[in-house]
Structures are given as structure tokens and as C-alpha cells.
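Data block below; observations after.
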2 protein chains.
Amino acid sequence: MDNINIKILAKKLNISTSTISRAFNGSPDINKDTKERILAFAKEHNFLPNHYASNLRDKKSRTLAVIVPEIANDFFAQAINGIEEIARKKGFYILLYRTDDVFEKEVSFINYLNNGKVDGIIMSVSGEANDHNYLRQLEQKNIPVVFFDRVYEDIEAAKVITNDYDSSFAATEHLIDTGCKRIAYLVVNKSISIGKVRMQGYIDALQKHGIPFNDELVIDCSNDEKVNYGILKKVLEELKPDGIFSSVERLAFATYYVCHDLNIDIPRDLKVISFSSLHIAPLLNPPLSTITQPAFELGSKAASLLFDELESKGLPIQKKQHVLKSKLYIRKSSGG
Amino acid sequence: MDNINIKILAKKLNISTSTISRAFNGSPDINKDTKERILAFAKEHNFLPNHYASNLRDKKSRTLAVIVPEIANDFFAQAINGIEEIARKKGFYILLYRTDDVFEKEVSFINYLNNGKVDGIIMSVSGEANDHNYLRQLEQKNIPVVFFDRVYEDIEAAKVITNDYDSSFAATEHLIDTGCKRIAYLVVNKSISIGKVRMQGYIDALQKHGIPFNDELVIDCSNDEKVNYGILKKVLEELKPDGIFSSVERLAFATYYVCHDLNIDIPRDLKVISFSSLHIAPLLNPPLSTITQPAFELGSKAASLLFDELESKGLPIQKKQHVLKSKLYIRKSSGG
DNA sequence: TTGTACGCGTTATCAT
DNA sequence: ATGATAACGCGTACAA
């Protein structure tokens with residue numbers, strides 16, 4: 001009973017394997033009655049066509065890979081939901097992989113996938129000025145890739161991003177409007193695409209309002225909570241900014257913790273605004289002003305684009321960059 | 001270039017396919033030089049063994065399925081991280097599926113998996129008093145299942161849960177200690193295993209302290225935010241509880257929103273404590289007292305148990321229930 | 001140490 | 001409408 005397969009079924013039903021195959025694949029060339037008989041019998045005997053055998057024949061896996069830096073993160077979790085939604089509709093499986101923002105893990109995973117394991121890949125990248133040839137090899141094997149949020153500029157692929165420059169500009173301008181003169185920009189890696197673009201919005205907004213850009217106020221943080229706490233504590237004590245624009249949610253949280261310990265009152269002493277997908281931002285103390293990206297939509301759009309490519313049957317498709325809009329929610333942390 | 005495979009490689013190298021296969025599978029029966037030559041040549045030609053062909057031969061997919069009610073949820077996201085951590089070490093892929101707490105989706109997905117698609121399944125369930133035969137069929141095919149957090153009592157399988165009864169008892173007792181007399185219990189589905197156990201801890205703690213159990217104060221909520229808001233608003237206005245014990249994170253959030261709108265002061269007018277895996281509970285207004293489950297460890301433990309089964313080579317293994325301990329964090333929302 | 005040959009379970013092609 | 005057969009790419013038993 002361990003190994004029911006199409007042949008055994010065929011024997012038991014006194015019918016050929018081809019007919020059984022047809023019953024399962026919606027082929028029009030089959031008698032309705034035989035089909036029903038087969039499906040009923042198959043169900044009774046707990047038979048389902050083996051995916052791996054089918055995949056081997058078809059060179060199609062109905063599976064796609066999702067590669068993200070983190071999973072336990074509101075933004076990515078919601079994006080994955082969006083991807084899942086579309087994939088489910090198409091009857092596709094999702095293979096999930098987390099890079100922890102380590103470039104080597106990304107490379108190694110992609111290399112593993114380079115053999116028909118998946119039909120396509122959706123990813124938010126974890127490196128920047130590196131050699132991206134491992135991705136070019138996918139092209140050769142006709143495995144399409146779609147980037148979302150964090151992209152590689154030098155790779156030609158469909159991309160879904162948000163209007164980060166505009167949002168950053170607007171957020172910075174908002175802080176300036178509330179009276180901030182010394183606005184610090186918090187970033188995890190200012191060299192990656194996202195860090196760069198968001199910083200440019202910040203810089204240009206300062207310039208527009210005649211505030212000199214101060215390199216010192218660009219705070220390069222890490223992925224380690226404790227390290228960030230230390231960095232930010234020093235910044236708040238020594239540089240005494242009056243505004244914080246955080247390009248990443250968790251740096252805003254770290255700021256909150258530091259302010260609490262240093263008795264710095266938000267928003268009186270320090271205004272804070274941050275990129276964040278946190279649903280309960282209004283419940284924080286004080287409610288956090290956020291630039292909220294349409295995470296779910298980024299995911300579902302990316303998935304849709306991937307399916308467009310898969311369904312284009314190799315015909316060249318326009319691989320352009322799609323820009324979705326984030327929303328600015330002004331709350332109490334920035335004086336709202 | 002699209003179709004490099006072991007045969008073509010063999011021809012190019014003037015060597016047999018078996019030798020190539022051996023080079024890739026760590027076989028001892030191969031000359032070190034030949035192996036190196038093969039691997040180098042393969043890399044150069046961007047060749048990797050096709051997973052589906054290997055899987056078909058071996059009847060092993062090196063893939064496991066993770067089935068959860070939600071992804072964009074701190075608890076499950078962290079648990080998935082834990083699973084991923086172990087799976088990665090073992091070189092396994094993870095197939096992710098979200099049920100949205102809809103039992104039918106769970107059944108349908110499991111049925112799809114019932115054909116060798118994955119070697120094992122880790123899940124947190126989405127149904128209760130239903131027919132679980134779809135799971136028994138997995139047994140027949142030797143696909144092991146491990147449950148975490150939300151389990152089916154009637155299925156024999158390894159299970160990883162937390163000491164919910166004790167935590168609930170302690171949390172309720174804590175509320176009583178702070179002076180609460182009318183403690184409401186918020187639950188999404190009081191008939192599922194978790195809802196039941198947590199409620200029992202609540203009931204028994206009340207009893208121990210001579211507080212009569214009031215059925216009216218067991219508040220059955222839904223998965224819809226707006227509906228919950230309505231329910232809780234009515235509860236707070238009409239039943240006027242002085243304490244809230246929430247068995248689920250998001251009901252605590254809903255309570256916060258309602259309190260804010262009704263000008264109910266937490267903790268002065270109402271003490272709140274909740275099961276929650278939110279990292280930033282201390283940043284809420286007021287900081288939320290939580291029962292925090294070791295989500296990451298639940299996931300990694302579940303994965304470890306699954307690999308124990310997979311590596312036991314069919315030998316019967318003891319399928320017991322493992323209980324991890326949650327932590328109680330008393331914060332300001334309950335007067336801490 | 002290396003090679004030969006078969007089979008894993010399915011489906012597409014061709015024939016009936 | 002149904003059946004026979006080859007092929008997908010790999011790994012292993014067996015032979016050399």
C-alpha cells in the first residue's frame with residue numbers, strides 16, 4: 001500500500017496507464033464514465049499522480065521560490081502573504097528561503113535552484129556591489145526572476161518597488177515643517193539601493209529648505225539590537241538631533257528604547273518618523289508616524305509579474321520597473 | 001545550453017554517467033582526481049543534478065511542508081524562523097502554506113501533499129471537531145507529521161506545545177492579585193484545543209480565589225478586526241469588566257483601541273494581559289503585560305522532532321508531546 | 001575504480 | 001475513446 005502508482009491502478013482497473021493519466025489531466029479525449037470510474041477508484045485507493053515524475057516529464061514544477069532577508073518582519077510577512085495569494089490561485093507551491101541579509105546565503109540558495117527545482121523566483125535582495133553572475137545563469141535556464149522592494153539595478157528583470165524617494169522627501173519635509181533643524185537619518189546599509197534612494201530624498205528635502213547636509217547625522221546602524229542601542233544612545237547624547245528619520249522600522253524602535261532610558265520626550269525633544277509596516281503603530285507610546293509601504297500589494301504584484309513571464313511562454317516580455325505608492329501617516333511621534 | 005544533463009556531461013568528459021553521479025553524491029568509490037575534474041567541469045558548464053529526477057529515484061524530496069494559519073503574525077513568523085533554521089542545517093527546502101484558519105484549505109493542501117511531494121509536514125492546525133482521516137492517509141504513505149502549538153488530540157503524532165494551562169492560571173491569578181473582580185476572557189474559538197486549555201487555566205484560577213465563574217465574561221471573538229472592535233466595545237460598555245485576559249494577541253490590540261476611544265484608562269480602569277509574541281510590547285501605551293511563548297524554539301523543536309522521525313528510517317519512534325515554557329512579563333497594562 | 005543497463009512514475013506521441 | 005511505448009534525468013546493482 002506504500003507504493004500505489006499509475007501502473008498498479010491500471011492493472012486493477014483493466015485499463016491503460018494513458019487513460020488514467022488522461023483522467024487526471026483534464027484531457028478531452030476520454031469517456032466521461034471511464035473518467036469518473038477512474039477518479040472514484042483512485043480516490044478510494046488514495047492515489048495521486050506523483051509530482052516528481054510529472055515534473056521530470058514536463059520540466060515544470062508548479063513551484064516558485066521566495067527569497068527574503070527576514071520572515072519575522074511585518075513588511076516581509078505581509079509581502080509573502082501577497083505572493084502566496086496569487087500563487088495559490090495559480091495552483092503553485094511556494095518554497096521559502098531566508099537570507100538573514102547575508103549575501104553568500106542568497107548566492108548559495110540561488111545556485112541550488114539552478115536546476116529546475118522551481119519555475120521562477122521572487123526575491124528581495126541582500127547584497128549590492130557584488131558580482132551578480134549567479135543570477136545571469138538563471139536566465140540561461142529560463143528561470144525568470146522578479147525583484148521586489150530591494151533590487152539590483154544591474155540585473156534586467158521585472159521589479160516592483162515603492163516611491164521611496166518621494167516618501168523620504170515628504171517625511172523629511174514634514175519634520176522640517178514641525179521645526180526640526182538637526183534631523184538624523186538612520187540607515188542599516190546606506191550602500192544598498194533602498195538606503196541610497198531614501199537618503200537622497202532626505203538630502204534633497206534638506207537642501208530645498210536651506211538646511212545644510214551634515215554627514216555626521218547619517219547614522220549607519222547594524223542588524224544587532226544591542227549594537228544599535230549603543231550607537232543611537234551615543235547619537236542622542238552627543239549629536240543631539242531634534243528629528244529622526246528612520247529608513248527601517250526597527251531603528252525607530254531602538255530610538256524609542258533609548259529615548260525612554262535617557263528621558264528624552266518624543267515628540268517634545270525629538271520628532272520621529274520611520275518607514276514601517278507595523279499595524280499597531282497607533283498603539284505605541286507615542287503613536288509612531290510612519291511611511292507605510294503597500295507590502296501585501298508589492299508581493300502580489302511581484303507574483304503577478306512572475307506569472308506573466310511564465311505564461312508568456314518564452315516570448316520576450318517587457319521587464320519594467322513598477323512603482324507603487326507608500327502612505328504617510330502623521331502621528332504623535334512627529335508632533336501630529 | 002538549456003538542457004545540460006548527466007549524459008551530455010558524460011559524453012564531453014569521456015566518462016560514464018555513473019561516475020559523474022558518484023562525484024556528486026559523495027560516494028567513496030571514486031578517484032579523487034576524477035571527482036575533482038568532474039566537479040570543476042560541471043561547475044564550468046553550470047550543471048547541477050536535476051532534483052526531480054533524483055527525487056523520483058530516491059523517493060526522497062529533501063523538502064518539508066510548513067502549514068500555518070497565518071504568516072503575518074509575530075508568533076508564526078518566529079516559529080517559521082525556528083523551523084527554517086533546522087531545515088537549513090539539514091539541507092532541506094521548505095514549502096510554505098497558509099490556511100487562513102480555514103479547515104478546508106488545510107485538508108485540501110494536505111491532500112495535495114499526499115504523493116511524495118514532501119518528506120514530512122510541520123503544522124499548526126486550523127480545525128477541531130472534524131474528521132481527520134486526511135491525516136491518517138499520510139501515515140500510510142510514511143509521511144510524518146509534527147504539530148506545534150495548535151494540535152489535534154486525536155491524531156497520534158509528535159507535538160510541541162507550551163504550558164498554556166499554567167500560564168493562563170498564573171496570568172489570571174496575577175490579575176486577581178492586582179484587585180480584579182470581573183475578569184473577561186477573550187478568545188477566538190473556544191472550542192479549539194488552545195482556546196479550551198487556556199480557558200481552563202482561567203476558570204481554575206478564578207475558582208481558587210473564590211471568584212464565581214461568569215459565562216457572560218467569556219467573550220467569543222472573530223478574525224475580523226471590525227467585528228471584534230464592535231464586540232469589545234459592547235463588552236466594555238455593558239459588562240464593565242475590570243480585567244482582560246486575552247488568549248490571542250490581536251484581541252488585546254482591539255481592546256487597546258476600544259479603550260482609547262471610550263476613554264478607559266489602562267491600567268487604572270482596566271487591567272490587561274495577553275498571550276503575545278510581540279517584541280515591542282514594552283513600547284505600547286501602556287506597555288502590555290504578556291505571556292510570551294518561545295515561538296522560535298517551538299518551531300525549531302518541531303523541526304528537530306520531524307528529522308528524528310525521518311532519520312529513524314521507519315523504525316517506530318516515540319511520538320510524545322513536548323511542553324515548552326512560556327514566560328510571563330508583567331508590565332504596566334496590568335499594573336506592573 | 002569505472003562502466004552498463006535498468007527502473008523510478010509519469011505523459012506525449014503515435015497507432016488502433 | 002483507448003492502448004503501447006518511449007523518454008524525461010538520475011542512481012544503483014552488478015559486472016568488469
Side-chain angles (χ1 to χ4, degrees), chain A residues 1-39 41-42 45-63 112-119 141-142, chain B residues 1-39 41-42 45-63 112-119 141-142:
Chain A
M1 38 221 64
D2 209 3
N3 294 327
I4 178 88
N5 65 28
I6 210 172
K7 273 187 198 164
I8 298 178
L9 216 63
K11 207 163 278 175
K12 289 196 185 182
L13 279 165
N14 265 321
I15 219 174
S16 82
T17 58
S18 340
T19 306
I20 297 186
S21 180
R22 280 189 270 262
F24 275 94
N25 294 307
S27 159
D29 296 344
I30 188 172
N31 182 298
K32 209 186 159 199
D33 292 344
T34 7
K35 179 168 177 175
E36 279 173 11
R37 196 161 59 93
I38 292 173
L39 292 182
F41 194 81
H45 288 260
N46 198 15
F47 166 81
L48 273 181
N50 179 304
H51 274 233
Y52 292 106
S54 309
N55 296 167
L56 180 57
R57 278 256 353 168
D58 297 358
K59 306 199 172 190
K60 287 278 163 272
S61 62
R62 299 190 74 73
T63 304
Y112 277 126
L113 295 177
N114 203 348
N115 57 355
K117 175 81 184 172
V118 297
D119 295 343
K141 305 237 176 173
N142 283 318
Chain B
M1 39 221 63
D2 207 4
N3 294 326
I4 177 90
N5 64 31
I6 210 172
K7 269 189 201 164
I8 298 178
L9 216 63
K11 207 163 278 174
K12 290 196 183 180
L13 279 165
N14 265 323
I15 219 176
S16 84
T17 58
S18 0
T19 306
I20 297 186
S21 179
R22 281 189 270 263
F24 275 95
N25 294 309
S27 161
D29 298 343
I30 188 172
N31 181 297
K32 212 187 158 195
D33 292 344
T34 6
K35 180 168 176 175
E36 279 174 11
R37 195 161 59 94
I38 292 173
L39 292 182
F41 193 80
H45 288 261
N46 198 15
F47 167 81
L48 273 182
N50 179 302
H51 273 235
Y52 292 106
S54 311
N55 295 169
L56 181 55
R57 275 257 349 170
D58 298 357
K59 307 199 171 191
K60 287 280 164 271
S61 61
R62 299 191 76 73
T63 304
Y112 276 126
L113 294 177
N114 203 349
N115 57 355
K117 175 83 184 170
V118 297
D119 296 342
K141 305 236 176 174
N142 283 318

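Numbers restart at 1 for each chain; the letters A, B, ... are given by sequence-line order, proteins then strands.
- Following rounding to the nearest Å, K60(A) (NZ) and dT10(C) (C1') show an atom-to-atom distance of 16 Å.
- Two residues are said to be in side-chain contact when any heavy atoms from C-beta on lie closer than 4.5 Å; S21(B) and N25(B) meet this criterion.
- In this structure, N5(A) has no side-chain hydrogen bond (donor to acceptor under 3.5 Å, both in side chains) partners at least two apart in sequence or on a different chain.
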What string of B, S and - do you get for nucleotides 6-16 of chain D, 5' to 3', if B is base contact, S is sugar-phosphate-only contact and - is no contact with any protein heavy atom under 4.0 Å? BBBBBBB----
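- Contacts between residues 28-35 of chain B and DNA chain C, defined by a heavy-atom separation below 4.0 Å, involve D29(B), I30(B), N31(B), T34(B), listed by number.
- Considering only heavy atoms from C-beta on, K141(A) comes within 4.5 Å of I4(B) through its side chain.
- Atom CG in N55(A) sits roughly 13 Å away from atom P in dA12(C) (whole-Å rounding).
- An end-to-end axis angle of 30° holds for the helix from dT1(C)-dA16(D) to dT16(C)-dA1(D), taken from five base pairs per end and rounded to 10°.
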Does the pair K117(A) and T63(B) meet the rule for a side chain to side chain contact (heavy atoms under 4.5 Å, CB included), with working shown? CA-CA 11 Å; K117(A) 175 81 184 172; T63(B) 304; 3.2 Å; yes
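- Residues L39(B) and F24(B) meet the side-chain proximity criterion, which asks for heavy atoms closer than 4.5 Å.
- Within the 4.5 Å cutoff, side-chain heavy atoms of I20(A) are placed close to those of I15(A).
- Atom CZ of F47(A) and atom CG of L9(A) lie 6.0 Å apart (nearest 0.5 Å).
- Counting all heavy atoms, side chain and backbone alike, Y52(B) lies closest to L56(A) at CB-N, 4.3 Å.
- Applying the ring-ring contact (aromatic ring centres under 6.0 Å, His included) criterion to Y112(B), with sequence neighbours excluded, gives no partner residue.
- In this structure S61(B) satisfies the side-chain hydrogen bond (donor to acceptor under 3.5 Å, both in side chains) test together with D119(B), sequence neighbours excluded.
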